[in-house]
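Values below: every heavy atom of this structure, side chains too, minus hydrogens, waters and symmetry copies. The shown structure was predicted, so the numbers you read here are calculated from the model rather than taken from an experiment.
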Amino acid sequence: MEILGSQRKPSLSADAGGVSSLSLYRSPPEIEVRLEDFELFAIDRLRVLQGISDGLSRGRKADEMEKLVNDLLRTHMRHPVAAEVANKDIISHFVLRLVYCREEEMRKWFLSMETILFRHRFKKESFEAQRAILAELDRPYKAVSGAENESVKEKLSQVARSTGQHLANADVLFYKVPFEEVPELVSGRRVYIHKGHAYVAMNQVASLVVTQFRTLLSKALILTNRKWTSTLREQEKHRLTPIVEAISTSYLGPDYSKPKDVAELSLKDIDRVANNSFPLCMRHLFGKLREDHHLKYGGRMQLGLFLKGVGLNLDDALAFWRAEFSKKVGLERFDKEYAYSIRHNYGKEGKRADYTPYSCQKIISSTPGVGDHHGCPYRHFSEENLRAALNKIGVSSRAMEDVLDRVRNKHYQLACTLVFEAIHGSSCDSGINHPNQYFSESHKILLSKVFLVTCWLLSF
């Protein structure tokens, strides 16, 4: 197939004659790429962007974020063939541009994460490479001449001193640009402004280039969305469209289709385990099932696959659902209308596929209707209902305000992570990305506490 790439033919070294490996992704030419690479490259880049997002939402400091991004790039953006590293970068960007152009919230997230990634990579380039990228923007930025530099030298020195910078080198290069193109520097009072122009030192040029990159990408996302909705989606409905639509909700963590590190979940223990180790989304579904003796399809799928992943075997699953549903619809109707789908989820009917439990991303992106109870409480509950639910499971007032603050900023998985930490009194540095991960981590903590108590008792 053919895919969009970069207009510039970048080298892999940022030090070879000022040529940079960093692309502006402006005018993509056609690049042949295998269909499997189309998806795999995009998933690798998505791991980087999601890692950046998680780091920001957890309040990582600047130096911590720099190390995090370096580690993410080193882990996910390599290629076995060195000459293909740049192509992987280009291909993965344009695939994700196609994936995230489709909705406004998706565009905002992608724009923000790609801009942060670009800033990080740009700052690591040599001055020569940075100047080459600046020239590629094709903007009317002029280097300040020697005579003009002398006339404003004192003013530039005053600004530098006030911001803790040093202009000891007489050959420091400045660019004269419209002040509105460096809002970050202007708001921080880090540039000298004269007659509508800001004097930007070479070591500050990242702010200028990043602003232009963000503007270009923002416009490109709108254009890509128009092309996708008008022609591409229909043209590629049997090939690329299913991949594009699936990537945005891809779960990138461990597979929880089979229970790991836990014994089988028995029916006699299920209520106790639900109260101790189920995440709020599953605890809510479990409670509604016990209360109403029924769940709609979305709720049955979300809870049923979760229970499969935490160790409830097929026979016990049939017994569990039959015991609840028979109270409302009767045994005969349950066996006729509902038992098949449970066996299907366990790979015993139909195409006998091994269905996996839903990830947080899939649950968050669901759209529950009237009478539905599935979805993510942190996204789909009203604030009043969420407060009540958190209070019921024992989240303190102080922790609850932190959780609600994350919810208001749409950091739903971080909100769930904070609830986990508040309930268990233990940190979860990896963050919660899957309901079955929540269960697994909870189970480990509770087992360790039981072990410590047992050891203490045996010491007497």
- Polar side chain donor-acceptor pair, Ser23 to His93, under 3.5 angstrom: no

- State whether the side chain of Asn409 and the backbone N or O of Asp405 hold a donor-acceptor pair below 3.5 Å, judged by distance alone. yes

- Task: Could you please spell out the steps behind the salt bridge (Lys or Arg N to Asp or Glu O under 4.0 Å) verdict for Arg387 and Glu383?
- Result: CA-CA 6 Å; Arg387 281 183 181 275; Glu383 184 169 317; 3.5 Å; yes

- Query: When you look at Glu105 and Lys410, which way does the salt bridge (Lys or Arg N to Asp or Glu O under 4.0 Å) test go after all the steps?
  - Reply: CA-CA 10 Å; Glu105 285 300 316; Lys410 302 183 179 181; 3.4 Å; yes

- Message: Within the 3.5 Å criterion, strictly below it, is a donor on Glu236 or Thr241 matched to an acceptor on the partner's side chain?
- Response: no

- Do Phe278 and Tyr438 have ring centres separated by under 6.0 Å? no

- Between Val144 and Tyr175, is any pair of side-chain heavy atoms under 4.5 Å apart? no

- Message: Determine whether a donor-acceptor pair (N or O, by modelled atom type, separation under 3.5 Å) exists between the side chain of Arg102 and the backbone of Val99.
- Response: yes

- Can you tell me how far CG of Asp54 sits from OG1 of Thr417, rounded to the nearest 0.5 angstrom? 8.0 Å

- Answer yes or no: are there more than 12 heavy-atom neighbours, outside Lys296 itself, under 6.0 Å from its atom NZ? yes

- Message: Closer than 3.5 angstrom, by distance alone: can the side chain of Arg97 be matched with the main-chain N or O of Leu221 as a donor-acceptor pair?
- Response: no

- Item | Test item: Lys308 side-chain N/O and Asn345 main-chain N/O as donor-acceptor pair under 3.5 Å | yes

- Query: Quick one: do the His120 and Asn70 side chains pair a donor with an acceptor below 3.5 Å?
  - Reply: yes

- Query: Under 4.5 Å between any side-chain heavy atoms of Arg406 and Gln413, yes or no?
  - Reply: no

- Message: We want to know whether Tyr25 and Asp89 form a side-chain donor-acceptor pair, criterion being a heavy-atom distance below 3.5 angstrom.
- Response: yes

- Task: Could you go through the ring-ring contact (aromatic ring centres under 6.0 Å, His included) check for Tyr199 and Phe174 one step at a time?
- Result: CA-CA 6 Å; Tyr199 288 75; Phe174 282 86; 7.3 Å; no

- Message: Under the salt bridge (charged side-chain N to carboxylate O under 4.0 Å, His left out) definition, can you give me all pairs with a residue in residues 414-436, not counting sequence neighbours?
- Response: Arg58-Glu421

- For residues Leu137 and Leu134, determine if any side-chain heavy atom of one lies less than 4.5 Å from a side-chain heavy atom of the other. yes

- Within 6.0 Å of CZ in Arg398, more than 12 heavy atoms from elsewhere: no

- May I ask you to test the Arg45-Glu114 pair for a side-chain heavy-atom distance under 4.5 Å? yes

- Item | side chain to side chain donor-acceptor pair (under 3.5 Å) partners of residues 359-379, not counting sequence neighbours, each pair once | none

- Would you indicate whether the side-chain heavy atoms of Pro357 and Pro435 approach each other to under 4.5 Å? no

- Message: Does Asp63 form a salt bridge (Lys or Arg N to Asp or Glu O under 4.0 Å) with Lys67? I'd like the steps, not just the answer.
- Response: CA-CA 6 Å; Asp63 58 334; Lys67 182 181 183 302; over 6 Å; no

- Where do Glu184 and Arg119 land on the salt bridge (Lys or Arg N to Asp or Glu O under 4.0 Å) test, with the steps shown first? CA-CA 13 Å; Glu184 182 182 68; Arg119 179 191 295 274; 3.2 Å; yes

- Under 3.5 Å, is there a donor-acceptor pair between the side chain of Asn225 and the main chain of Glu103? no

- Item | Pairwise distance CG(Leu305) to CG(Asn436) - rounded to 0.5 angstrom | 9.0 Å

- Between the OG atom in Ser207 and the CD atom in Glu181, the distance rounded to the nearest 0.5 Å is 10.5 Å

- Item | Any Glu64 side-chain heavy atom under 4.5 Å of Leu68 side chain | no

- Item | From Ile222 atom CD1 to Leu217 atom CG, the distance as rounded to the nearest 0.5 Å | 10.5 Å

- Is a side-chain donor or acceptor of Glu234 paired with a backbone partner of Trp228 at a separation under 3.5 angstrom? no

- Message: Taking Glu245 first and then Lys237, would you say they form a salt bridge - that is, a charged N and a carboxylate O separated by under 4.0 Å?
- Response: no

- Item | Polar side-chain atom of Lys219 near backbone of Arg214 as donor-acceptor pair, under 3.5 Å | no

- Item | Ile91 CD1 to Leu40 CG distance, which is reported to the nearest 0.5 Å | 11.5 Å

- Query: Is it true that a side-chain atom of Ser112 and a backbone atom of Lys108 form a donor plus acceptor pair closer than 3.5 Å?
  - Reply: no

- Is there a side-chain contact between Phe122 and Phe213, using heavy atoms and a 4.5 Å cut-off? no

- Message: For the aromatic rings, using the six-membered ring if either is Trp, is the centroid distance between His434 and Tyr358 under 6.0 Å?
- Response: no

- Message: Using side-chain heavy atoms (C-beta onward) and a distance below 4.5 Å, is Leu111 in contact with Arg107?
- Response: no

